[in-house]
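So the structure is just underneath, and the comments pick up after that.
Predicted model only: the values in this text are computed from it and were never measured. As the structure lists them, so they are numbered: ligands from 1, and atoms in each ligand from 1.
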Amino acid sequence: MSKAFIAAAGAALIALGASGLAWSEHDDDDGDRKGHREGKGLMARGDLARVTNAHYRAECGGCHFAYQPGLLPAASWAQVMGTLDNHFGDDATLDPAVTAELLTYLEGNAADRNDRVRSRAFAARPIQGEGPPRITQTAYFQRKHDEVPVRYVKNNPKVGSFGNCQACHRGADTGDFSEDQVNIPGVGRFED
Ligand code: HEC
Ligand code: HEC
């Protein structure tokens with residue numbers, strides 16, 4: 001083996017090791033690290049994949065924001081779709097064929113079934129709370145909103161609840177939940 005080959009192989013190994021490290025560093029975070037914001041391609045991966053299923057948008061986007069599949073893990077979507085007759089106090093039952101189609105769509109694009117860093121963050125830990133799983137009861141959601149005062153949410157007629165993502169996140173529909181796109185009605189940009 002030539003010296004040059006050994007040197008090249010060594011360099012390749014080091015490069016591999018370094019990129020492996022860079023990824024694991026993002027695994028449990030949200031794509032919000034500096035490195036991610038700098039490169040455009042990488043930043044886009046911090047966004048959630050948009051809603052692409054027209055039936056989903058029509059059936060699940062009527063009463064509230066059409067939550068991206070990447071906001072909950074597959075098992076949670078299965079629970080949500082399996083309890084539509086008692087959906088947070090509403091009956092959201094659908095035709096069985098439609099329910100099956102939407103479940104396939106949700107599971108296939110769920111937070112733990114795609115590699116977007118923000119989705120990974122939503123899937124990172126089990127969900128707390130009673131009833132069907134909520135995005136707002138994920139550990140990541142709570143960590144990101146624990147400093148937002150109640151008066152900006154429940155007592156704010158233009159918001160009402162944390163489930164109303166698009167009221168505060170101007171880019172919600174395109175999957176952009178980054179801090180610099182936040183605009184709380186009547187409050188504006190939030191500085192913590
Ligand atoms: C008839 C109205 C209605 C329809 C249709 C509906 N929902 Fe809901 N959904 C609700 C209500 C009410 C809540 C609770 C809102 C709250 O407490 O802030 C809710 C909450 C949710 C939440 C939890 C949001 C959070 O707080 O994190 C998810 C997830 C959800 N719905 C998914 C779906 C899906 C998927 C569909 C389509 C199969 C759907 N919804 C259709 C009324 C509806
Ligand atoms: C009352 C307004 C409000 C609502 C409603 C709201 N958010 Fe937020 N969200 C914020 C604010 C403010 C921040 C930034 C917090 C900070 O700067 O510490 C934030 C931060 C985030 C972040 C982290 C952004 C980053 O760059 O680190 C994510 C992801 C997020 N929200 C998702 C959601 C989702 C999903 C929903 C709906 C289920 C939602 N938010 C509903 C106000 C809101």
Side-chain angles (χ1 to χ4, degrees), residues 29-34 36-37 43 46-48 51 53 55-73 76-96 98-107 109-111 116-122 124 127-173 175-192:
D29 216 285
D30 52 17
D32 214 40
R33 301 267 173 107
K34 256 203 144 139
H36 255 277
R37 305 214 128 208
M43 193 167 121
D47 292 351
L48 290 160
V51 168
N53 183 303
H55 291 153
Y56 176 75
R57 188 178 281 285
E59 303 294 355
C60 305
C63 296
H64 48 65
F65 177 66
Y67 303 115
Q68 283 88 354
L71 288 169
L72 282 177
S76 299
W77 284 123
Q79 265 177 276
V80 169
M81 297 307 284
T83 55
L84 287 179
D85 58 331
N86 185 7
H87 183 74
F88 306 97
D90 274 354
D91 185 349
T93 312
L94 294 167
D95 180 86
V98 177
T99 307
E101 182 210 325
L102 299 189
L103 178 57
T104 303
Y105 168 66
L106 288 166
E107 286 184 329
N109 297 280
R116 307 250 179 163
V117 276
R118 190 90 79 194
S119 275
R120 295 256 198 109
F122 275 103
I127 292 161
Q128 310 290 315
E130 311 256 302
R134 284 179 183 266
I135 297 150
T136 51
Q137 280 169 346
T138 58
Y140 176 61
F141 184 94
Q142 297 199 342
R143 179 158 62 77
K144 285 294 179 177
H145 298 85
D146 64 354
E147 283 170 17
V148 183
V150 177
R151 67 177 186 281
Y152 293 173
V153 191
K154 284 206 178 74
N155 307 344
N156 186 339
K158 294 205 170 113
V159 183
S161 93
F162 267 124
N164 207 3
C165 318
Q166 82 291 359
C168 303
H169 290 274
R170 284 180 295 191
D173 200 49
D176 180 357
F177 288 95
S178 55
E179 268 172 44
D180 50 19
Q181 292 296 316
V182 171
N183 185 7
I184 306 179
V187 181
R189 287 212 50 170
F190 179 74
E191 309 291 344
D192 53 352

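Residue nearest to atom 25 (C) of ligand 2, selected from Arg151, Arg134, Arg118, Lys158: Arg118 (by heavy-atom distance). Here the shortest heavy-atom distance to atom 5 (C) of ligand 1, taken over Cys63, Cys60, Ser161, belongs to Cys63.
Judged by the shortest distance from any of its heavy atoms, Trp77 lies inside the 4.0 Å radius around the atoms of ligand 1.
With 2.8 Å as the limit, Cys165 does not count as an N, O or S neighbour of atom 8 (Fe) of ligand 2.
Residue contacts with ligand 2: His145 is placed with a nitrogen or oxygen under 3.5 Å of a nitrogen or oxygen of the ligand (distance criterion only). Not one N or O of Tyr152 is nearer than 3.5 Å to an N or O of ligand 2, by distance alone. At least one N or O atom of Lys144, backbone or side chain, sits closer than 3.5 Å to an N or O atom of ligand 2. When only interatomic distances are considered, the shortest N/O to N/O separation between His169 and ligand 2 falls below 3.5 Å.
Applying the 4.0 Å criterion to heavy atoms of Val153 picks out, from ligand 2, the atoms 1 (C).
Atom 23 (C) of ligand 1 has as its closest protein heavy atom Phe88 CZ, 3.7 Å.
Within the 4.0 Å heavy-atom criterion, both parts of Thr136, backbone and side chain, lie near ligand 1.
Seen from atom 8 (Fe) of ligand 1, atom NE2 of His64 and atom NE2 of His87 lie 180° apart in angle, a value rounded to 10°.
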